[in-house]
K.L.:
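Below: one structure in structure tokens.
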Amino acid sequence: MSIQYKPFAPLVQRIKQDGKCLEGGILKVDSFINHQIDPTLLQSMSIEFVRRFANKEINKILTIEASGIAPAVMVGFLLNVPVVFAKKKKPSTMDNMLVTEVFSFTKNKSYTVCVSKDYLHEGDKVLFIDDFLANGNAAKGIIELVEKANATLSGMGFLVEKSFQHGGDYLREKGYQVESLAIIDSLDNCKITFKE
Ligand code: 5GP
């Protein structure tokens, strides 16, 4: 499907400079996003998200631990709204928790994702922020948690989308506003090809 896509040049440049391609369609961005973090780039990407979702009502940022937390906190700081991260560990008591299962293709296994009903509830207008959008499984889990809470998803923002895994197609067809700052069309032969 054709989408409205505006690459965020500072991120695209940085991926070109420091991104590493691994076997199996994985992009490694450990030197500026996933292990060491470049706070200046993080700030500029977060400002860009705020700009792109300026038309939306948002009272909460939601992400999944651990790699989504840094961008989510920065966006929450800029919007002055709380940031909730869904936890990947099964709670010892299921009381008061919203729970779903997410399949991770990078780890090739399913894991439980949960969030307390105290921090996600009816009437919340939620912006989901994450580092990567691939097959969209994490995003689908978030949609389920938001629906279980009777909250509303105002939009979904990703630093990097890998279009060849089609999670973005699914989410856009469902009608969600999906904003990805860099879209990668292919990692074939370990060559990073960006969407134009
Ligand atoms: P999805 O659920 O959309 O299939 O995958 C999204 C999740 O998997 C992200 O939260 C991210 O942590 C991880 N992920 C997917 N693809 C990549 C990748 O190419 N590089 C890195 N570093 N993480 C990825």
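Read the numbers this way: they start at 1 and go in the same order the structure lists the ligands and their atoms.
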K.L.:
Looking at Glu144 and Lys148, does any basic side-chain N land under 4.0 Å from a carboxylate oxygen?
P.N.:
yes
K.L.:
Looking at Ser163 and Ile184, would you say the former's side chain and the latter's main chain have a donor-acceptor pair under 3.5 Å?
P.N.:
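Yes; at least one donor-acceptor contact below 3.5 Å.
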K.L.:
Give yes if a backbone or side-chain nitrogen or oxygen of Leu27 is under 3.5 Å from a nitrogen or oxygen of ligand 1, and no if not.
P.N.:
yes
K.L.:
Might you work through the side chain to side chain contact (heavy atoms under 4.5 Å, CB included) test for Phe8 and Lys6, ending with a clear yes or no?
P.N.:
CA-CA 6 Å; Phe8 184 62; Lys6 295 176 271 344; over 6 Å; no
K.L.:
Looking only at protein heavy atoms, which one is nearest to atom 4 (O) of ligand 1, and what is the separation?
P.N.:
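So the nearest neighbour among protein heavy atoms is Asn135 N, 2.8 Å.
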K.L.:
Working to the nearest 0.5 Å, report the span between CG of Asn34 and CG of Asp131.
P.N.:
5.0 Å
K.L.:
Does even one non-hydrogen atom of Ser67 get within less than 4.0 Å of ligand 1?
P.N.:
yes
K.L.:
Among Lys56, Arg172, Arg52, whose salt bridge (charged side-chain N to carboxylate O under 4.0 Å, His left out) with Glu179 holds?
P.N.:
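Only one option passes, and that is Arg52.
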K.L.:
List the closest protein heavy-atom neighbour of atom 2 (O) of ligand 1: residue, atom name, distance to the nearest 0.1 Å.
P.N.:
Ala138 N, 2.8 Å
K.L.:
May I ask you to test the Glu161-Tyr5 pair for a side-chain heavy-atom distance under 4.5 Å?
P.N.:
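Heavy-atom side-chain distance check fails, nothing below 4.5 Å.
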K.L.:
Among protein heavy atoms, which lies nearest atom 11 (C) of ligand 1, and at what distance?
P.N.:
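Residue, atom and distance for the closest contact: Asp131 OD1, 3.5 Å.
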K.L.:
For the OG atom of Ser154 and the CG atom of Leu127, what is their distance to the nearest 0.5 Å?
P.N.:
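Those atoms lie 7.0 Å apart.
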K.L.:
How far is atom 22 (N) of ligand 1 from the closest protein heavy atom, and which atom is that?
P.N.:
Asn34 OD1, 3.0 Å
K.L.:
Looking at Asp130, which atoms of ligand 1 are within less than 4.0 Å of one of its heavy atoms?
P.N.:
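So the atoms of ligand 1 that pass are 9 (C), 10 (O).
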K.L.:
Please lay out, stage by stage, how Asn59 and Asp124 fare under the test side chain to side chain contact (heavy atoms under 4.5 Å, CB included).
P.N.:
CA-CA 6 Å; Asn59 78 327; Asp124 276 339; 3.0 Å; yes
K.L.:
Report the nearest protein non-hydrogen atom to atom 15 (C) of ligand 1: residue, atom name, distance rounded to 0.1 Å.
P.N.:
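Checking every protein heavy atom, the shortest distance to atom 15 (C) of ligand 1 gives Phe105 CE2, 3.6 Å.
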K.L.:
Does an N or O from Lys162, backbone or side chain, lie closer than 3.5 Å to an N or O of ligand 1?
P.N.:
yes
K.L.:
In ligand 1, which numbered atoms sit nearer than 4.0 Å to a non-hydrogen atom of Ile26?
P.N.:
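Per the distance check, 18 (C), 19 (O), 20 (N).
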K.L.:
Among protein heavy atoms, which sits nearest to atom 23 (N) of ligand 1, and what does the distance come to when rounded to 0.1 Å?
P.N.:
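Minimum-distance protein heavy atom for atom 23 (N) of ligand 1 reads Phe132 CD1, 3.5 Å.
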K.L.:
Any atom of ligand 1 sitting under 4.0 Å from a heavy atom of Gly136?
P.N.:
yes
K.L.:
Before you tell me yes or no, could you show the steps for Thr193 and Asp185 under side chain to side chain donor-acceptor pair (under 3.5 Å), namely the whole-Å CA-CA distance, both residues' side-chain angles and the distance that decides it to 0.1 Å?
P.N.:
CA-CA 6 Å; Thr193 307; Asp185 275 346; over 6 Å; no
K.L.:
Can an N or O of Val29 be found at a distance shorter than 3.5 Å from an N or O of ligand 1?
P.N.:
no
K.L.:
Should Ala134 be counted as touching ligand 1, given the test is an N or O pair under 3.5 Å?
P.N.:
yes
K.L.:
Check this for me - ligand 1, Thr106, N or O atoms closer than 3.5 angstrom, yes or no?
P.N.:
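In this structure, Thr106 places no N or O atom under 3.5 Å from an N or O of ligand 1.
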K.L.:
Below the 3.5 angstrom mark, is there an N/O of Lys28, backbone or side chain, next to an N/O of ligand 1?
P.N.:
no
K.L.:
Can you tell me how far CG of Leu145 sits from SG of Cys114, rounded to the nearest 0.5 angstrom?
P.N.:
8.5 Å
K.L.:
Go through the steps to decide whether Phe128 and Val178 satisfy the test side chain to side chain contact (heavy atoms under 4.5 Å, CB included), and finish with yes or no.
P.N.:
CA-CA 10 Å; Phe128 174 56; Val178 177; over 6 Å; no
K.L.:
Hey, which atoms in ligand 1 end up nearer than 4.0 Å to a heavy atom of Asn137?
P.N.:
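Near Asn137, the atoms of ligand 1 are 1 (P), 2 (O), 3 (O), 4 (O).
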